[in-house]
Amino acid sequence: MKKLLLSMSLLASSMAFAADELHLYNWNNYLTEATAKRFEQSCKCKLVQDYYGDNEEMLAKLAAGAKGYDIVVPTGFAVQTLIGQKGAAPLDKAQLSNLKNINPGYMGGFFDKTNTYSVPYAFTTTVLGYNETQLQKAGVLDKANSWALIFDPAVVSKIKGKVTVLDSQRELMAAALMYLGYPANETDPAKWKQAQQVILKAKPYWAAFNNQSYIKELTVGNAWVSLGYSNDLFQAQQDALKAKRPFKLNFSLQQEGNTLSMDNLVILKDAPRKDLAHKFINFMLDGKNAAELTNEVGAGNPNQAAMPNVKPEITKLSAIFPSKEALPKLQQLQDLNGKQRRELNKLWSEIKLK
């Protein structure tokens with residue numbers, strides 16, 4: 001009888017632990033392992049993460065009926081989409097005592113003006129990361145501050161097979177539009193077609209569309225140029241330094257302009273554990289926890305309580321904390337309507353198939 005009671009007790013304990021799980025659907029490399037473990041200790045729960053490499057990937061998975069996720073980390077325009085699809089849950093701000101730590105300048109974004117559904121988490125720029133050593137040898141290092149490095153056939157042909165670009169229709173099209181001198185949020189079909197042609201002319205010189213492993217490819221020297229997110233490129237640079245690679249990695253803004261992504265914590269409407277979700281958000285709003293995101297991951301930080309704990313050398317990197325001079329050339333991507341999405345999907349399918 002004692003054995004039966006013990007077995008039942010263990011089963012109940014196991015079931016209780018399984019129930020105390022927070023499911024976070026997050027970007028790759030966007031939360032340190034140390035931070036995750038401290039949260040688990042603080043909430044006496046288990047943090048389970050699943051990953052995506054693109055907003056469209058995340059939105060498509062949720063639209064297809066994926067269940068069980070509590071929190072997602074969408075960029076501004078994807079927050080708009082989630083709200084429009086009634087997929088986001090209103091926040092209970094009474095449970096977010098650390099919300100006061102967010103710099104007011106980052107609140108009230110165009111995608112959620114009252115922050116009813118979203119809390120700023122971190123921001124990144126979409127830029128080019130590059131191997132300075134190899135670009136110097138190829139004679140194209142002077143093009144690193146321009147989108148010409150990946151789009152101009154006369155330039156990119158000199159580094160053929162050594163370039164990766166994001167497998168993201170919004171980010172890649174935005175880069176091509178800016179290269180042409182258009183706004184990142186241009187929606188004129190004729191200008192989209194021009195951007196598509198720029199991409200198609202450059203595509204033969206690229207190695208891959210890569211969201212998942214471009215950090216490693218840069219770090220080991222397989223790729224010499226990668227279109228990516230500033231926090232990922234920071235990590236590639238740091239990994240190369242730690243491994244004492246015989247080359248120098250760098251990343252920088254482009255003179256034609258870049259996109260800036262404000263990523264946010266959003267609780268899903270059908271989240272099984274909204275209570276743990278609020279605890280996680282409040283935990284990440286703590287200044288020291290937020291600072292770790294910048295110091296270890298290289299993400300820009302909207303948390304003013306974090307800044308005293310952020311390494312000074314990181315605050316000087318303009319691709320992570322853009323200078324006043326760079327800010328006017330940074331654009332946040334806006335949401336598209338249904339017709340525009342269909343048109344862009346058509347152009348993107350043609351890009352991938354040709």
Review point. Below 6.0 angstrom between ring centroids: does that apply to F280 and F39?
Key: yes

Practice item. State, yes or no, whether a side-chain contact exists between L31 and L47 at a heavy-atom distance under 4.5 Å. Key: yes

Practice item. Compute whether any side-chain donor of one residue and acceptor of the other, for S168 and D54, lie under 3.5 angstrom apart. Key: yes

Practice item. Give the intermediate values and the outcome of side-chain contact (heavy atoms from CB on, under 4.5 Å) for residues L149 and V156. Key: CA-CA 6 Å; L149 186 61; V156 71; over 6 Å; no

Review point. Is the backbone N or O of G228 less than 3.5 Å from a side-chain atom of D232, with the two atoms forming a donor-acceptor pair by type?
Key: no

Review point. Does Q254 offer a backbone N or O that forms a donor-acceptor pair with the side chain of N258 under 3.5 Å?
Key: yes

Check your understanding: Which atom names give the shortest non-hydrogen contact between A240 and F247, and what distance separates them?
Key -> CB-CE1, 4.5 Å

Review point. So, does W206 use its side chain to make a donor-acceptor pair with the main chain of I150 at under 3.5 Å?
Key: yes

**Study point:** Heavy-atom side-chain proximity of Q196 to K193 below 4.5 angstrom
**Key:** yes

**Study point:** D92 bridged to K274 by N-O distance under 4.0 Å
**Key:** no

Practice item. Could you give me the CA-CA distance, side-chain angles and deciding distance for L218 and W224, then say whether side-chain contact (heavy atoms from CB on, under 4.5 Å) is met? Key: CA-CA 6 Å; L218 268 179; W224 295 352; 6.0 Å; no

Review point. Can you hop from L62 to F77 via hydrophobic side chains spaced under 4.5 Å?
Key: no

Point to revise | Cationic N near anionic O, under 4.0 Å, D239 to K216 | key: no

**Study point:** Exceeds 12 heavy-atom contacts within 6.0 angstrom, atom NZ of K201
**Key:** no

Point to revise | Any donor-acceptor N/O pair, N303 side chain to A290 backbone, under 3.5 Å | key: no

Check your understanding: Would you call I314 and I320 a side-chain contact if the rule is heavy atoms closer than 4.5 Å?
Key -> yes

Exercise for review: Can you run down the side chain to side chain donor-acceptor pair (under 3.5 Å) pairs that involve residues 65-76, sequence neighbours left out, and say none if there aren't any?
Suggested key: D50-Y69, N55-T75, K61-Y69, K67-D270, T75-D263

Exercise for review: Taking the side chain as every heavy atom from C-beta outward, state whether V225 and K162 have any pair of such atoms under 4.5 Å apart.
Suggested key: no

Review point. Short question: side chain of W192, backbone of E186 - any donor-acceptor pair under 3.5 Å?
Key: yes

Check your understanding: Out of curiosity, L233 CG to Q235 CD, how far, rounded to the nearest 0.5 Å?
Key -> 9.5 Å

Review point. Does the side chain of Q331 pick up a donor-acceptor pair with the side chain of N185 at under 3.5 Å?
Key: no

Exercise for review: Start with the C-alpha gap between T125 and T259, add the side-chain angles, then the distance that decides, and say whether side-chain contact (heavy atoms from CB on, under 4.5 Å) holds.
Suggested key: CA-CA 6 Å; T125 54; T259 56; over 6 Å; no

Point to revise | Atom pair OG1 (T35) and CD (E40), whose distance is rounded to the nearest 0.5 Å | key: 11.5 Å

Point to revise | S252 and N145 side chains, donor-acceptor separation under 3.5 Å | key: no

Review point. Donor-acceptor pair, D112 side chain versus S118 backbone, under 3.5 Å?
Key: yes

**Study point:** Backbone of M262 reached by a side-chain donor or acceptor of N264 within 3.5 Å
**Key:** yes

Review point. Going hydrophobic residue to hydrophobic residue with side-chain gaps under 4.5 angstrom, can you get from V163 over to V220?
Key: no

**Study point:** NZ (K354) with more than 12 external heavy atoms under 6.0 Å
**Key:** yes

Review point. Looking at side-chain heavy atoms only, is the closest gap between Q237 and T219 below 4.5 Å?
Key: no

Practice item. Taking the side chain as every heavy atom from C-beta outward, state whether L260 and T124 have any atom pair closer than 4.5 Å. Key: no

Check your understanding: Going by heavy atoms in the side chains, are I71 and V266 under 4.5 Å from each other?
Key -> no

Review point. Going by atom types alone, do S97 and N282 pair a side-chain donor with an acceptor below 3.5 Å?
Key: yes

Exercise for review: For the pair Q332 (side chain) and S261 (backbone), establish whether a donor and an acceptor sit closer than 3.5 Å, ignoring hydrogens and angles.
Suggested key: no

**Study point:** Reference residue Y121; test ring pair (Phe, Tyr, Trp, His ring centres under 6.0 Å); the match among Y106, Y30, F283
**Key:** Y30

Exercise for review: Check step by step if salt bridge (Lys or Arg N to Asp or Glu O under 4.0 Å) holds for E33 and K37.
Suggested key: CA-CA 6 Å; E33 189 175 332; K37 285 182 178 178; 3.2 Å; yes

Review point. Does a side chain donor of either S146 or E256 reach within less than 3.5 Å of an acceptor in the other side chain?
Key: yes

Practice item. Indicate whether the side chain of E217 and that of N222 have a donor and an acceptor atom separated by less than 3.5 Å. Key: yes

Exercise for review: Taking salt bridge (Lys or Arg N to Asp or Glu O under 4.0 Å) as the test, write out the residues that go with K93, two or more places apart.
Suggested key: none

Practice item. Measure the acute angle between the ring planes of W27 and Y52, then classify it against the limits of 30° and 60° as parallel, tilted or perpendicular. Key: tilted

Exercise for review: Could you pull out the closest heavy-atom pair between P120 and L285, with the gap in Å?
Suggested key: O-CD2, 4.5 Å

Check your understanding: Distance-only, no hydrogens or angles: does the R341 side chain make a donor-acceptor pair with backbone N or O of L336 under 3.5 Å?
Key -> yes

Practice item. Using the side chain to side chain contact (heavy atoms under 4.5 Å, CB included) rule, pick out the option among N131, T164, V127, L249 that qualifies with S226. Key: T164

Check your understanding: Taking atom types as modelled and ignoring hydrogens, do the side chains of Q169 and N345 form a donor-acceptor contact shorter than 3.5 angstrom?
Key -> yes

Check your understanding: Counting N and O atoms only, with roles assigned by atom type, does the side chain of N98 sit under 3.5 Å from a partner on the main chain of N101, one being a donor and the other an acceptor?
Key -> no

Exercise for review: Indicate, with yes or no, if the rings of Y25 and Y51 have centres closer together than 6.0 Å.
Suggested key: no

Practice item. Return yes when atom NZ of K316 has more than 12 non-hydrogen atoms of other residues, nucleotides or ligands closer than 6.0 Å, and no otherwise. Key: no

Revision key, fill the gap. Interatomic distance, NE2@H278 vs CG@L22, rounded to 0.5 Å, equals 11.5 Å

Check your understanding: Cluster question for you: counting only ILVMFWY and a side-chain heavy-atom cut-off of under 4.5 Å, with indirect links fine, are L333 and Y182 together?
Key -> no

Review point. Nearest 0.5 Å, what's the OG1-CG distance between T315 and N301?
Key: 11.5 Å

Review point. Should E350 and K346 count as an ion pair when the cut-off is N to O under 4.0 Å?
Key: yes

Exercise for review: With rounding to the nearest 0.5 Å, note down the distance linking CD1 in I267 to CG in L82.
Suggested key: 12.5 Å

Review point. What pairs of residues pass the salt bridge (Lys or Arg N to Asp or Glu O under 4.0 Å) test when at least one of them lies in residues 278-299, not counting sequence neighbours?
Key: R38-E292

Practice item. Can you measure from OG (S230) to CG (L128) and round to the nearest 0.5 angstrom? Key: 12.0 Å

Check your understanding: Shortest non-hydrogen contact from T294 to F234?
Key -> O-CE2, 4.5 Å

Exercise for review: Please indicate whether E313 has more than 12 foreign heavy atoms, meaning atoms of other residues, nucleotides or ligands, lying under 6.0 Å from its CD.
Suggested key: yes

Point to revise | Stepwise side-chain contact (heavy atoms from CB on, under 4.5 Å) test for L24 and V73 | key: CA-CA 8 Å; L24 173 63; V73 194; 4.0 Å; yes

Review point. Does a side-chain heavy-atom distance below 4.5 Å link M173 with I351?
Key: yes

Review point. Quick check: are there more than 12 heavy atoms from other residues, nucleotides or ligands sitting under 6.0 Å from CD of E57?
Key: yes

